[in-house]
Undergrad: 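Here it is, the structure in full.
As the structure is a computational prediction, the values presented were derived from the model and not from experiment. Residue numbers begin at 1 in each chain, while the letters A, B, ... track the order of the sequences.
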2 protein chains.
Amino acid sequence: MSFSYRYPRPALTVDCVVFGVHEGRLLVLLIRRGQAPFRGDWAIPGGFVDVQESIDDAARRELQEETGLTNVYLEQLYTFGAVNRDPRERVVSVAYYALVRRVEHQEVAASDAAQAEWFPVDELPSLAFDHEEILQTALARLRAKVRYQPIGFELLPTKFTLTQLQQLYETILGHEIDKRNFRKKILATRLLKPLEEFASGRHRSARLYRFDRSQYQKLVKQGVNFEI
Amino acid sequence: MSFSYRYPRPALTVDCVVFGVHEGRLLVLLIRRGQAPFRGDWAIPGGFVDVQESIDDAARRELQEETGLTNVYLEQLYTFGAVNRDPRERVVSVAYYALVRRVEHQEVAASDAAQAEWFPVDELPSLAFDHEEILQTALARLRAKVRYQPIGFELLPTKFTLTQLQQLYETILGHEIDKRNFRKKILATRLLKPLEEFASGRHRSARLYRFDRSQYQKLVKQGVNFEI
DNA sequence: ATGTGTTAGTGTATATATTACACTATGCCA
DNA sequence: TGGCATAGTGTAATATATACACTAACACAT
């Protein structure tokens with residue numbers, strides 16, 4: 001079966017830069033390509049948009065198929081439409097980025113056949129197609145966005161300590177933050193709900209908090225800002 | 001002649017929200033549709049992406065063909081990919097927005113056959129397809145972006161007075177700004193070059209300034225912020 | 001049980017940025 | 001030459017951001 005059109009059409013794909021955090025490092029999930037072109041190189045997970053699904057759905061479906069990840073924070077990033085992005089034929093790609101909570105190997109094991117692996121963003125292998133550019137665009141967006149929108153929480157477990165949160169911000173922004181100032185600011189947003197639970201650790205145990213999503217939505221409606 | 005593919009492909013279009021300013025109002029340029037669907041309704045200029053042109057080139061080409069505008073500030077906005085955006089067939093559209101300096105009727109006269117007209121953003125007619133959503137997305141982006149990036153200059157003549165610039169910000173942001181504070185802030189950016197020319201008016205003539213693009217690029221490299 | 005090491009948790013003083021606010025200057029025109 | 005409309009200017013009050021160091025609690029080793 002084949003489908004014909006009066007004029008040639010670019011193929012349409014979605015690609016998804018998946019971010020995670022582990023031991024204070026910011027990671028991206030990459031897929032090893034099993035086929036030419038760029039066989040053996042690493043690439044961002046992605047694939048063709050079906051004609052009967054929205055592009056957002058396509059991004060989620062490809063993510064699930066290639067990495068087993070579901071229920072992640074997903075946001076459209078940018079559309080890459082240079083003529084020679086793909087050596088085979090004209091392909092336009094709508095890029096997304098995803099934030100995932102648990103960076104563990106089991107989670108990406110559901111992958112069908114494809115190898116998936118986490119890489120620290122500062123130790124990336126060379127990437128297929130224009131995926132280096134896509135990844136850098138995603139990284140820039142994440143760094144910019146984390147300053148004025150509380151998306152960082154999507155990278156942490158639902159219950160977390162303030163130190164974990166601060167380390168996350170330091171990891172993403174790439175610089176140290178003063179502990180007292182950070183706590184003042186982050187608590188002033190009123191987006192954190194202190195719990196009566198404490199993290200058990202090798203030392204003094206820290207209070208756990210959770211992100212108060214309903215409070216966030218309420219404050220967004222009031223036009224409140226959340227710059228950190 | 002026809003082109004066939006193993007799987008059906010969404011059609012790919014670009015649409016372009018064109019902003020201008022006139023007499024203290026923010027305007028958008030719309031095209032009256034001559035054909036079904038939505039015949040007679042107003043729409044954002046746009047059209048199909050050719051297989052041998054980049055999506056940015058496609059946006060510029062369609063803008064030129066439908067409105068005669070060239071050499072405008074153009075930036076990708078968002079990609080709209082819901083399944084039923086277009087009642088005829090699956091169409092994914094990469095939306096752009098453009099900022100133009102002179103809002104005059106001659107400029108859009110080059111249009112081939114299509115009627116083009118400027119509408120104030122607060123008095124829009126009903127629009128074809130999902131163009132209302134695209135337009136509101138563009139408006140939100142413009143309002144957000146003007147606060148931290150000096151794109152407002154793209155809507156003014158190359159030489160302008162501080163009062164013109166202030167009115168532009170007031171128009172886009174939708175609220176009044178204190179004159180002295182505005183001047184302090186905008187001059188502190190060092191992005192404005194005072195000229196030895198003065199605008200002739202009915203009253204005291206005002207000094208003209210121009211946007212110093214090279215200075216801007218220098219400061220961007222240094223990571224300077226330009227919040228207003 | 002006591003000491004040591006490690007992380008949690010807290011407040012204040014200073015510097016910087018933002019806001020609020022009103023008058024004089026200049027040029028056109030009647 | 002007087003009136004009117006717009007251009008242009010500074011300062012004080014308030015709010016926000018930054019810099020900075022010690023005590024508290026717990027685990028573990030002795």
Undergrad: Given the structure, check if the side chain of B/R204 and the base of D/dA7 hold any donor-acceptor pair shorter than 3.5 Å.
TA: yes

Undergrad: Indicate yes or no: does A/D41 engage A/R33 in a salt bridge with an N to O separation below 4.0 Å.
TA: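 A/R33 and A/D41: not salt-bridged.
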
Undergrad: For A/R202 and C/dA8, give me the distance from atom CZ to atom P, rounded to whole Å.
TA: 10 Å

Undergrad: Whole Å only: how far is the CD1 atom of B/I228 from the P atom of C/dA17?
TA: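 Atom CD1 in B/I228 sits about 14 Å away from atom P in C/dA17.
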
Undergrad: Mind listing the residues from residues 170-195 of chain B sitting with a heavy atom below 4.0 Å of DNA chain C? Number order is fine.
TA: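 Within residues 170-195 of chain B, the residues near DNA chain C are B/D178, B/R180, B/N181, B/K184.
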
Undergrad: Rounding to a whole Å, what distance do you find between B/H203:NE2 and D/dC4:P?
TA: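 Interatomic distance, NE2 of B/H203 to P of D/dC4: 11 Å.
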
Undergrad: Once the angle between the rings of B/F129 and B/H131 is folded into 0 to 90°, is it parallel (under 30°), tilted (30 to 60°) or perpendicular (over 60°)?
TA: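 Judged by the thresholds at 30° and 60°, the geometry between B/F129 and B/H131 is tilted.
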
Undergrad: Do B/Y216 and B/F211 have their ring centres less than 6.0 Å from each other?
TA: yes

Undergrad: Just so I know, are the side chains of B/F153 and B/L192 near enough to count as touching, which here means a heavy-atom distance under 4.5 Å?
TA: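 Yes - at least one pair of side-chain heavy atoms lies under 4.5 Å apart.
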
Undergrad: Is the count of non-hydrogen atoms from other residues, nucleotides or ligands lying under 6.0 Å from A/K145 atom NZ greater than 12?
TA: yes

Undergrad: May I have the distance from B/F198 (atom CZ) to C/dA25 (atom P), rounded to whole angstrom?
TA: 17 Å

Undergrad: Using whole Å, report how far CZ of A/R207 lies from P of D/dA25.
TA: 13 Å

Undergrad: Look at the side-chain N and O atoms of B/T163 and state whether any lies under 4.0 Å from the OP1 or OP2 oxygen of D/dT6.
TA: no

Undergrad: Whether the side chain of A/E227 engages the backbone of A/R147 through a donor-acceptor N/O pair (distance < 3.5 Å, no angle test) should be reported.
TA: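 No: the side chain of A/E227 does not pair with the backbone of A/R147.
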
